[in-house]
Engineer: 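I'd like to ask some things about the structure below.
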Amino acid sequence: MDVLAPTKTFPSLVDSNFRLQVPHNSNAIHFTTSSLPKRSSRSKLSSPSTPTLSTHSNGHPSLSSANLSGDAAGNEVLRRLVRNGELDSALRLLESIFLRGTDPPDIIPCTSLIRGLCRSGRTAAARRVLDIIETSGASPDVITYNVMISGYCKSGETDEALNLLHRMSVPPDVVTYNTIFQSLCERGKLDKAFEVLDHMLHRACAPDVFTYTILIEATCKESGVGHAMKLLDEMHAKGCAPDVVTYNVVINGICKEGRLDDAIKFLNNMPSYGCNPNVITHNIILRSMCSTGRWMDAENLLSDMVSKGCNPSVVTFNILINFLCRKGLIGRAMDILEKMPEHGCTPNSLSYNPLLHSLCKDKKIDRAIEYLDIMVSRGCYPDIVTYNTLLTALCKDGKVDVAVELLSQLSSRGCRPVLISYNAVIDGLSKVGKTDEALGLFKEMEGKGLKADTITYSSLVAGLSREGRVEEAMNMVLELQGLHIRPTAIIYNSVILGLCKARETDRAIDFYAYMVSRGCMPTESTYMILIEGLVHEGFGDEAVDLLGELYSRGVVKKTSMQNVVARM
DNA sequence: ATAGGGTTAG
């Protein structure tokens with residue numbers, strides 16, 4: 001015990017000065033900390049670019065014929081520009097002619113212009129068009145407003161949408177409100193949606209099936225089916241009949257609450273409500289049956305729907321294929337896929353991907369590639385998930401170079417690599433000791449505007465640690481703070497492992513303390529790595545004490561403990 | 001306005 005230099009951090013460890021550090025659960029044990037390298041605090045947040053108006057009004061050829069100051073000829077040019085998709089020229093024309101002209105612009109091309117600008121995310125420019133219409137003395141109609149409001153909603157500017165709703169120069173219609181409901185509900189702002197509903201009723205605008213369906217769906221998610229049912233009653237009372245979609249939304253809610261049998265009853269009662277279930281109704285129930293392992297029920301439901309004349313869709317089959325693949329029943333999944341055309345369905349990439357994934361998981365990459373060829377020969381092109389599956393399989397099969405090659409070809413194959421594609425290959429490279437090459441890909445990825453996540457860093461940090469480049473690994477972990485990425489236990493563990501392997505168990509313990517101070521819960525591996533480290537440096541007794549303590553706390557499993565002892 | 005969303009890290 002006295003071999004331990006007093007300056008080191010070990011003593012407090014072996015003196016069993018154990019103290020719970022993390023309040024909630026706590027398997028964290030307290031080691032004395034010593035200071036860690038100062039972490040750099042970089043904040044490189046680029047501010048999102050705001051749409052700006054192009055204000056330059058220097059002569060555009062197509063404007064020359066329209067120097068008559070906002071008259072019929074001007075509108076003709078405006079229509080042509082909008083029709084040809086020359087949005088910026090149309091905008092300039094509006095600014096230069098109609099803003100001060102005597103005749104107002106035609107609101108129909110203006111509405112198209114607003115729609116076009118919104119589609120490319122330029123809501124500020126679109127709003128400018130609306131403002132020009134208003135100041136030029138023309139009055140936008142409800143459609144113009146609806147297009148603008150929908151543009152705001154799609155770009156997430158719900159507050160702007162609401163402001164515009166309140167200052168429209170014509171009464172909003174049910175479409176205006178439904179657009180806003182949809183957007184508020186998607187963002188979980190259900191309270192606000194109900195406020196708007198009050199507003200709608202005050203203005204004597206009657207809600208329709210869409211209105212209620214949107215609200216019922218959101219209510220199922222936020223407050224449960226029980227509350228949603230009240231809305232369904234209210235809907236009935238107001239003389240608005242629910243349709244299949246309304247019922248499907250409710251059935252989906254019931255399934256999500258784990259009440260599959262109630263959902264089935266609802267399905268069976270639907271005809272008595274005057275509404276027949278459709279494929280989607282069945283698919284919702286089918287999915288729920290599969291995910292709860294009720295395979296026989298699923299098979300029966302499938303034959304039920306066929307006998308009722310409700311034809312299965314691609315989704316129906318994909319649900320079944322997915323389920324079978326998860327259960328490892330690849331053969332049956334393939335049979336189903338092959339039978340799809342008999343039911344008038346063409347398999348898509350979502351049909352093939354689970355099969356490819358299962359084959360890869362079973363290390364049958366050659367068969368997966370054969371199947372890929374079949375898929376392509378049938379006109380179904382691989383998507384990014386297909387490629388990601390292959391990239392992962394290649395890496396796991398020791399063909400990292402092939403994976404690198406494939407990754408570089410993705411764009412020319414019509415598939416843009418995504419974060420997961422890079423993560424798969426970066427991980428593959430890191431695992432075979434080619435961390436520098438992995439770092440190169442990481443740079444390339446960032447150059448393409450893809451932001452690395454915790455998994456990317458997890459692979460890189462582990463790669464660096466394995467190569468003995470622990471300093472770099474540690475610095476990378478410290479840098480994550482400025483990037484709003486919380487390192488996981490996996491990341492900390494790999495650094496701790498790297499330090500232990502380098503016979504720097506004291507620093508490993510410091511890093512452990514740092515991990516705990518950052519609020520990251522250690523795992524069983526964390527402790528096992530540290531214990532192995534202690535053993536390697538000749539502190540077997542201390543390791544055993546610690547192990548006993550951890551075992552008595554239930555942090556370490558008995559088998560893990562026996563394994564360590566057996567190796568000593 | 002409803003169903004499939006699969007693929008990556010110790």
Engineer: What is the nucleic acid contact for Asp427(A), judged by heavy atoms within less than 4.0 Å: base, sugar-phosphate only, or nothing?
Structural biologist: sugar-phosphate

Engineer: Does dG4(B) have OP1 or OP2 under 4.0 Å away from a side-chain N or O of Arg287(A)?
Structural biologist: yes

Engineer: Classify Ile284(A) by what it touches in the nucleic acid, base, sugar-phosphate, or nothing, heavy-atom distance under 4.0 Å.
Structural biologist: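 Here Ile284(A) touches the backbone only, sparing every base.
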
Engineer: Heavy atoms only, 4.0 Å cut-off, all strands: where does Asp243(A) land among base, sugar-phosphate and nothing?
Structural biologist: base

Engineer: Reckon Thr392(A) touches a base, only the sugar-phosphate, or nothing at all at heavy-atom distances under 4.0 Å?
Structural biologist: sugar-phosphate

Engineer: Just the rounded figure in Å: distance from P of dA9(B) to OH of Tyr422(A).
Structural biologist: 18 Å

Engineer: Students often get this wrong, so: under 4.0 angstrom with heavy atoms, is Ser313(A) touching a base, only sugar-phosphate, or nothing?
Structural biologist: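 It contacts base atoms.
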
Engineer: In this structure, how many angstroms lie between the C1' atom of dA9(B) and the CG atom of Leu480(A), rounded?
Structural biologist: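 Going from Leu480(A) (CG) to dA9(B) (C1'), I get 13 Å.
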
Engineer: Taking OP1 and OP2 of dT8(B), is either one under 4.0 Å from a side-chain nitrogen or oxygen of Lys396(A)?
Structural biologist: no

Engineer: May I ask you to test the Lys192(A)-Thr158(A) pair for a side-chain heavy-atom distance under 4.5 Å?
Structural biologist: no

Engineer: Students often get this wrong, so: under 4.0 angstrom with heavy atoms, is Arg326(A) touching a base, only sugar-phosphate, or nothing?
Structural biologist: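 The answer is sugar-phosphate, as Arg326(A) gets under 4.0 Å only of primed atoms, P, OP1 or OP2.
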
Engineer: Is Asn322(A) close enough to dG5(B) that one of its side-chain N or O atoms is under 4.0 Å from OP1 or OP2 there?
Structural biologist: yes

Engineer: Answer with base, sugar-phosphate or nothing: what part of the nucleic acid does Lys256(A) contact at a heavy-atom distance below 4.0 Å?
Structural biologist: nothing

